[in-house]
**Q** 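One structure is given below, represented as structure tokens, and several questions about it will come after.
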Amino acid sequence: MKQNLYNYILGIADNSLILAQRMGELCGHGPSLETDIACTNISLDLFGQVRSYFQYASKLAGDGRTEDDIAMLRQEREYVNVLLVEQPNTDFAYTIARHFLFDVYHLLFLTELEKSKDLTLSAIAKKCIKEVRYHERFTSDWIKRLGDGTAESKAKIQEAINDLWTYTDELFHQTGADKAMVAEGIGVDVTKLKEAYYEKVNEVLTEATLETPESKYFQKGGKKGIHTEHMGYLLAELQYMQRAYPNMEW
Amino acid sequence: MSELQLRFQIQIQIHMKKWPLWEVFVRSKNGLEHRHFGSLHAADADMALENARDVYTRRNEGVSIWVVESKNITASNPEHNGEMFEPAQDKVYRHPTFYDLPDEVKHM
């Protein structure tokens with residue numbers, strides 16, 4: 001098995017899987033009918049993208065594990081998503097801030113992944129990019145609305161951005177699989193996305209009359225499987241069906 | 001305060017119930033007309049478009065969306081239906097149904 005490629009795909013897919021689960025939690029709980037459907041749509045987009053990655057991973061693994069097994073039946077330490085995406089939906093400001101901080105990265109990432117020498121990954125990126133372009137538009141618009149809205153909405157979105165800022169730097173850390181895949185022309189060199197990322201984030205925050213945090217203290221660990229305390233609860237919900245009814249099918 | 005900021009200040013009403021109602025018109029494919037699909041709440045036209053996209057076109061129903069704030073629509077009063085519509089009921093000759101069409105003319 002191509003272990004590096006397999007690990008690399010999990011690195012991409014886990015981010016979307018965990019974020020999709022977080023957004024999916026809002027199904028029936030969004031602040032209004034319209035935003036509820038929007039958040040759930042975004043969640044479903046991400047789950048759809050994740051299927052493509054895990055189907056590919058399942059083929060590479062070649063040991064009988066299905067896409068569901070890989071997605072649902074790993075232990076916490078085996079998930080390699082960044083810490084940012086597992087942070088809870090504290091309120092609508094946090095939900096939007098978390099998604100926005102990921103979307104800007106996600107769009108830059110997929111734009112590069114489309115150039116991958118691996119034709120499957122390139123095709124998946126091409127398909128995902130349109131969806132993610134909409135996600136970024138949706139969350140950027142909300143950042144501006146909340147930031148440039150009332151005093152209360154501004155304070156809330158600024159607090160969420162400040163709190164989540166500490167998780168942004170990890171997006172640009174390279175894993176062993178990353179380095180191997182970059183060397184083969186398959187993977188994206190995330191370190192090269194950093195400048196464009198902070199530039200874009202700063203542009204949106206400025207338009208939203210918000211402050212770009214200056215803190216240089218960053219959290220990391222997710223890419224190595226070391227997660228925040230929120231992850232266990234999230235996985236309990238995500239994995240419940242497959243664990244309670246193994247091999248169940250819809 | 002810039003015009004943009006002012007616009008946001010006026011339009012952002014945190015409580016969702018204060019958001020005005022919008023009517024949504026969707027063109028299902030090129031060549032067809034926009035048809036009324038329903039209504040939704042949104043703070044302004046841009047948000048109404050995004051909401052309409054998510055609420056009404058997520059199953060590939062459309063290629064174009066119009067939104068208009070409901071208050072801008074002037075509707076006929078149902079109480080006036082008598083004088084508005086009933087006089088047309090007994091004027092069948094206003095339909096072009098009294099012509100003999102050659103068989104070659106199709107789709108009429």
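Side-chain atoms are counted along with the backbone in the values below, which use heavy atoms only and exclude waters and symmetry mates. Order of the sequence lines sets the chain letters (A, B, ...), proteins ahead of strands, with each chain counted from 1.
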**Q** Is there any salt bridge (charged side-chain N to carboxylate O under 4.0 Å, His left out) pair reaching into residues 9-20 of chain A, and which pairs are they, with sequence neighbours excluded?
**A** A:D14-A:R74

**Q** Measure A:L44 against the heavy atoms of chain B and call it side chain, backbone, both or neither at under 4.5 Å.
**A** side chain

**Q** With chain A as the partner chain, list the residues of residues 50-70 of chain B whose heavy atoms fall under 4.5 Å from it, by residue number, and write 'none' if nothing qualifies.
**A** B:E50, B:N51, B:R53, B:D54, B:V55, B:R58

**Q** So does B:K91 have more than 12 non-hydrogen atoms from other groups sitting under 6.0 Å from NZ?
**A** yes

**Q** What distance do A:K144 atom NZ and B:D46 atom CG have between them, rounded to the nearest 0.5 Å?
**A** 10.0 Å

**Q** State whether the number of non-hydrogen atoms from other residues, nucleotides or ligands found under 6.0 Å of B:Y93 atom OH is greater than 12.
**A** yes

**Q** Do other residues, nucleotides or ligands put more than 12 heavy atoms under 6.0 Å from A:Y245 OH?
**A** no

**Q** Once rounded to the nearest 0.5 Å, what's the spacing between atom CG of B:L40 and atom CG of A:L33?
**A** 8.5 Å

**Q** Does a sphere of radius 6.0 Å around CZ in A:R243 hold more than 12 heavy atoms from other residues, nucleotides or ligands, not counting ones at 6.0 Å or beyond?
**A** yes

**Q** Going by side-chain hydrogen bond (donor to acceptor under 3.5 Å, both in side chains), name the pairs with one or both residues in residues 72-83 of chain B, residues two or more places apart or in two chains.
**A** none

**Q** Under the salt bridge (charged side-chain N to carboxylate O under 4.0 Å, His left out) rule, collect the residues that match up with A:E159, sequence neighbours excluded.
**A** none

**Q** Hey, does A:E34 have a side-chain heavy atom less than 4.5 Å from the side chain of B:M47?
**A** no

